[in-house]
Every structure is written in C-alpha cells, then in structure tokens.
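Shown next, in structure tokens, is the structure this report addresses.
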Amino acid sequence: MKPILTAAVVAALVAVAVPAVAQNAGQIARVRGGASCAGCNLFQAELSGLEARGLNLSGARLRQADLSLTVMNRTRFSNADLRDVEAYGGVFSSSNFSGANMTNASFVGANLDGSGFSGATLTGVNFSGASLRRATGLSQARLNQACGDEATQLPAGLSIRHC
C-alpha cells in the first residue's frame with residue numbers, strides 16, 4: 001500500500017523547497033532613512049509620505065510598494081520592478097524610470113514632470129490626474145497601453161485613453 005500525501009503535507013514540502021523572496025526589512029529601513037539602495041528588495045514596502053530626493057533605487061524590487069504622497073524628485077528607478085505600485089499623489093519630477101517595469105502601477109495625481117521613461121513598460125499604468133509635462137521617452141504606442149483622464153497632462157502631441 002502506497003502512502004497518500006495530504007494537501008497540507010504537499011504544501012509544507014513545497015514551502016520548504018522554494019526559497020522565499022520576501023521583502024528585506026533592513027533595506028526598507030535604510031530607504032526610509034533616506035539612503036539609496038540600488039538592487040534592493042523593497043517588495044511591498046510601506047514608504048508613503050517619505051521625503052527623500054535623489055535616491056538611487058535602480059534595479060530595486062518595489063513591486064506592490066506604497067509610494068503614496070512621497071517626494072522623490074530626481075530618483076533613479078531605472079530597471080526597477082514597479083509592478084502594482086501605489087504612488088497616489090507622489091512627486092517624482094525629473095526622475096529616471098528608464099527600463100522600469102511599471103505594469104499596473106497607479107500614479108494617480110502624481111507629479112512626473114521632466115521624468116524619463118525610455119524603455120519603461122507602461123501596460124495598465126493609471127496616470128489619471130498626473131502631470132507628465134516635459135517627460136521624455138514616451139511614445140503614443142506605449143501610452144496607448146496606459147490610461148489617464150482629462151486632467152492628465154502630457155507632452156505636446158501625445159494623448160492617453162481614459163481609464
């Protein structure tokens with residue numbers, strides 16, 4: 001007679017075999033203190049209200065992080081994982097989002113004036129009420145993957161579909 005594995009036993013074995021990719025509390029604390037942290041694991045980090053300008057968060061994993069009402073002007077988010085980020089009302093002017101994966105992020109009411117988006121993935125991004133004046137690296141084809149509203153401010157010649 002062969003032993004039968006229960007669902008609980010199988011789940012426990014899988015949990016042991018697959019390493020966790022959870023957030024790094026020390027790295028999150030470092031960023032909350034205003035330090036750069038390129039390549040850090042900031043998964044689901046609670047950073048709302050942070051005021052830290054000019055950080056280097058290139059290549060960081062910020063997936064599902066809360067960046068609401070942050071002031072992060074001139075911050076480097078190049079090649080960062082910004083999927084599902086909540087950045088309501090954040091100030092990110094002159095920041096670098098080149099190559100970042102911003103899939104399904106919410107930048108509702110955010111200030112992104114003068115920021116660079118060359119090669120960024122904008123699929124499902126909500127830019128309703130956001131200011132993207134003087135932003136670079138945007139194309140109509142890439143903006144067609146995002147959405148906004150009548151209050152979204154874009155560089156001349158570009159438009160965005162309504163959410």
Side-chain angles (χ1 to χ4, degrees), residues 11-139 142-143 145-148 152-155 163:
L13 290 172
V14 170
V16 171
V18 179
V21 190
Q23 60 189 199
N24 183 308
Q27 292 174 342
I28 292 170
R30 197 164 76 189
V31 171
R32 279 191 194 132
S36 290
C37 202
C40 286
N41 187 354
L42 309 173
F43 176 66
Q44 295 181 334
E46 171 55 57
L47 301 172
S48 61
L50 176 68
E51 291 192 30
R53 295 161 182 84
L55 297 181
N56 181 2
L57 300 177
S58 297
R61 182 178 187 228
L62 287 143
R63 185 172 187 181
Q64 298 176 0
D66 187 353
L67 303 177
S68 299
L69 304 173
T70 60
V71 178
M72 299 179 86
N73 298 325
R74 298 179 313 282
T75 295
R76 286 174 280 174
F77 293 101
S78 54
N79 300 309
D81 180 355
L82 296 168
R83 291 175 292 165
D84 306 303
V85 159
E86 177 57 61
Y88 170 81
V91 180
F92 305 95
S93 61
S94 300
S95 290
N96 181 353
F97 293 93
S98 297
N101 185 345
M102 301 171 72
T103 301
N104 297 326
S106 177
F107 282 86
V108 173
N111 180 340
L112 297 152
D113 287 343
S115 291
F117 293 91
S118 179
T121 301
L122 303 179
T123 305
V125 177
N126 186 342
F127 287 122
S128 294
S131 179
L132 291 140
R133 295 176 303 198
R134 299 181 336 274
T136 60
L138 295 174
S139 68
R142 290 185 38 248
L143 278 176
Q145 297 174 2
C147 68
T152 305
Q153 299 173 12
L154 297 169
C163 294

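Here, residue 1 is the first one in the sequence, and each next residue gets the next number.
A donor-acceptor pair is defined here as one N or O able to donate and one able to accept, closer than 3.5 Å; no such pair exists between the side chain of R76 and the backbone of S36. Under the 3.5 Å distance criterion, the side-chain polar atoms of D113 are left unmatched by any main-chain donor or acceptor of S93. Here the side chain of Q27 pairs a donor or acceptor atom with the backbone of N41 at under 3.5 angstrom. A donor-acceptor pair under 3.5 Å links the side-chain atoms of R32 to the main chain of E46, judged by distance alone.
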Q.
Is there a side chain to side chain contact (heavy atoms under 4.5 Å, CB included) between V71 and R53? Walk through the geometry before answering.
A. CA-CA 7 Å; V71 178; R53 295 161 182 84; 3.2 Å; yes
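In this structure, N101 CG and L62 CG are separated by 11.5 Å, a value rounded to the nearest 0.5 Å. Of the inter-residue distances, the one linking N73 atom CG with L55 atom CG reads 10.5 Å to the nearest 0.5 angstrom. Taking CZ of R30 as the start and CG of N24 as the end, the distance is 8.5 Å to the nearest 0.5 Å. Atom CG in N96 sits 8.0 Å away from atom OG1 in T136 (nearest 0.5 Å). For the atom pair OG (S48) and CD (E86), the distance works out to 10.0 Å, reported to the nearest 0.5 Å. Atom CG in L47 sits 12.5 Å away from atom CG in L69 (nearest 0.5 Å).
Here the side chains of L67 and F107 are not in contact, with every heavy-atom distance at 4.5 Å or above. The shortest side-chain heavy-atom distance between L122 and L138 falls under the 4.5 Å cut-off. Counting heavy atoms from C-beta outward, F77 and M72 have side chains that approach closer than 4.5 Å.
Side-chain atoms of T75 and S95 form no donor-acceptor pair, as typed in the model, at a separation below 3.5 Å.
Contact record, A52 with G34: CB-CA, 4.1 Å, taken as the closest heavy-atom pair. Between A130 and L112, the shortest heavy-atom distance links the atoms CB-CD1, 4.5 Å. Considering all non-hydrogen atoms of both residues, F97 and A120 come closest at O-CB, 3.4 Å. Taking all atoms of both residues into account, the shortest heavy-atom contact from N126 to C163 is OD1-SG, 3.4 Å. Considering all non-hydrogen atoms of both residues, V31 and C37 come closest at CG2-CB, 3.5 Å. Contact record, F43 with R63: CD1-O, 3.3 Å, taken as the closest heavy-atom pair.
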